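Nothing here was measured: the structure is a model prediction, and the numbers come from that model. All ligand and atom numbering here is 1-based and tracks the order in the structure.
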Amino acid sequence: MTEKAAQSSESDAGDRERHPLAMETLVSLCASRGFVYPASEIYGGIAGFWDYGPLGVELKNNLKARWWSRVVRERDDVVGIDSAIISHPRTWEASGHVEHFSDPMVDCRTCKRRFRADQIEGERCPEAPRQRAVVDCDLTEAREFNLMLRTELGASVDESTAAYLRPETCQPIFSGFKRVRESARQKVPFGIAQIGKAFRNEITPRNFTFRSREFEQAEMEFFCHPSEREQWFEHWRDERHRFHLELGVDPSLLRIRPHAEDELAHYARAADDIEFLFPFGWQEIEGIHDRGDWDLSRHTEYSGKELAITDEQSKERFTPMVIETSVGVDRTTLALLVAAHHEEEVGEGDKIETRTVMKLHPAIAPIKAAVLPLSKKLAEPAKAIQQDLRRHFNTFYDDAGNIGRRYRRQDEVGTPYCVTFDFESEGDGCVTIRDRDTMHQERIPTEGLARYLRDRLEEEL
Ligand code: GAP
């Protein structure tokens with residue numbers, strides 16, 4: 001949770017050198033093409049908050065849909081919920097967040113900036129980077145700083161109640177455990193999943209969307225008998241690792257890192273991180289946690305409502321153990337963008353140029369097919385093709401500029417297929433399909449085009 005070890009691996013310079021991509025290149029492409037850009041940009045932005053543009057929202061929605069399908073829809077033993085963002089304040093006392101959810105922080109007495117005490121090693125002073133390191137600044141003693149974002153409920157300040165914007169999405173899963181188990185008629189072992197916003201008042205949001213103050217989590221809490229916890233931990237760790245691999249991430253960019261005893265979160269008995277090699281080093285994108293009976297026991301204690309269960313056959317009474325999978329949607333989106341970014345030399349002789357291509361897996365690519373008439377005069381039949389295709393998947397229509405430039409624009413946003421309608425198309429009833437990765441072109445009949453593309457897209461799902 002505190003990402004302590006992940007921080008130390010940020011300095012893993014050898015691995016970092018393997019990454020040809022500079023973060024600035026990606027940040028700039030994301031903004032210019034409408035993936036992600038700073039929230040409140042016209043006011044100079046607001047640290048730790050990001051907006052997803054027309055392509056970014058499609059990408060993120062596709063990732064969430066894929067997660068939901070794999071974790072919930074394709075299984076009999078996991079059900080989904082969508083809970084309120086704000087819970088009863090006692091929830092966060094029970095969960096341990098009021099007491100434990102903090103980072104050590106130091107203030108600079110000169111410039112008044114605040115830093116995470118466990119992250120200042122190797123950092124330069126932002127006021128005078130050439131002159132001194134942060135550790136040489138006039139710093140206060142380290143103090144614990146709670147990361148939960150507070151808000152007030154109620155109309156008048158005097159009578160208002162303090163509440164928190166949830167720092168993790170899973171707590172309502174625990175407090176709603178009995179209701180969901182009974183209404184969904186589930187028996188242990190089974191899981192409850194949800195995707196939603198989480199908020200943390202990070203002291204130093206950084207590395208683009210990697211550490212934000214508002215982000216999305218996709219979490220699944222799997223309830224099992226104490227005798228089965230190791231087996232389910234391994235099951236879920238392997239399932240989740242496979243999920244990332246199936247999205248086409250190069251296996252050498254992913255690793256599983258078990259937590260050392262001293263870095264475990266207050267609720268965890270064991271934890272493995274799934275890490276991705278970002279240009280700024282190996283970092284956690286997902287955590288698999290054995291939370292034991294911490295949450296259900298604590299909610300029983302704080303609410304006075306019994307959350308233990310009785311096994312119907314053995315009549316044994318026990319509090320289920322929880323194996324959690326918790327993935328950051330924004331971090332995974334960022335990892336997928338990093339992994340997809342390629343620059344390649346194309347062409348021959350004196351016509352060699354560099355193309356930027358986002359090799360996003362077709363399942364998550366924001367646009368599945370772009371329809372490109374060779375001339376604006378061919379707009380009508382080309383638009384009719386797009387009308388047909390858009391009923392099946394997200395499409396884009398572009399008739400501006402030369403065809404080579406239009407292909408490049410689609411490469412840059414990761415569109416797997418371009419459909420070109422040319423002057424022969426009306427006569428022979430065929431269009432040209434261009435494959436993003438191989439740039440191979442194939443002529444196929446317009447009749448059945450949607451099925452053809454759908455088959456090819458599904459083959460890769
Ligand atoms: N319920 C357990 C939990 O929240 P965590 O390791 O603190 O565990 C899980 O968070 C995932 O949420 C992380 O692996 C990461 O992907 C994402 N995450 C956590 N803090 C984040 C932040 N400040 N910005 C973006 N994503 C974050």
What side-chain donor-acceptor pairs closer than 3.5 Å can you find for residues 176-183, not counting sequence neighbours?
from	atom 1	to	atom 2	distance (Å)
Lys178	NZ	Glu182	OE2	3.2
Ser183	OG	Arg179	O	2.8
Ser183	OG	Val180	O	3.3

| task | Check side chain to side chain contact (heavy atoms under 4.5 Å, CB included) between Asp82 and all other residues, then give those that pass, not counting sequence neighbours. | result | Gln194
| message | Would Val327 count as being in polar contact with ligand 1, using the rule that some N or O on each side must be under 3.5 angstrom apart? | response | no
| message | Out of all atoms in ligand 1, which are within 4.0 Å of some heavy atom of Ser212? Include the element for each. | response | 22 (C), 23 (N), 24 (N), 25 (C)
| query | Of all the heavy atoms in Arg291, does at least one lie under 4.0 Å from an atom in ligand 1? | reply | yes
| request: Check Ile285 against ligand 1 and report side chain, backbone, both or neither, counting heavy atoms closer than 4.0 Å. | output: backbone
| query | Does some non-hydrogen atom of Asp330 fall short of 4.0 Å from ligand 1? | reply | no
| field | Close side-chain approach of Arg200 to Leu149, heavy-atom, < 4.5 Å | value | no
| request: Would you mind running through ligand 1 and noting each atom that sits below 4.0 Å from a heavy atom of Tyr267? | output: 2 (C), 3 (C), 8 (O)
| said: Is the ring pair Phe280/Phe278 parallel, tilted or perpendicular, if the boundaries are 30 and 60 degrees? | reply: parallel
| Between Leu247 and Leu63, is any pair of side-chain heavy atoms under 4.5 Å apart? | yes
| task | Please say whether Cys170 places an N or O atom under 3.5 Å from an N or O atom belonging to ligand 1. | result | no
| The single option from Leu307, Asp295, Ile309, Asp293 passing side-chain contact (heavy atoms from CB on, under 4.5 Å) against Pro320 | Ile309
| Going by the atom numbers of ligand 1, which of them fall below 4.0 Å from some non-hydrogen atom of Glu286? | 14 (O)
| request: For Glu168, take its heavy atoms, then give the atoms of ligand 1 lying under 4.0 Å from any of them. | output: 1 (N), 2 (C), 3 (C), 4 (O)
| task | Check whether any side-chain heavy atom of Arg298 lies under 4.5 Å from a side-chain heavy atom of Glu301, and answer yes or no. | result | yes
| Is any N or O atom of Glu219, backbone or side chain, closer than 3.5 Å to an N or O atom of ligand 1? | yes
| field | Neighbour count above 12 (heavy atom, 6.0 Å) for Glu312 CD | value | no
| said: If you take the nearest heavy atom of each of His259, His289, Arg200, Glu324, which one is closest to atom 4 (O) of ligand 1? | reply: Arg200
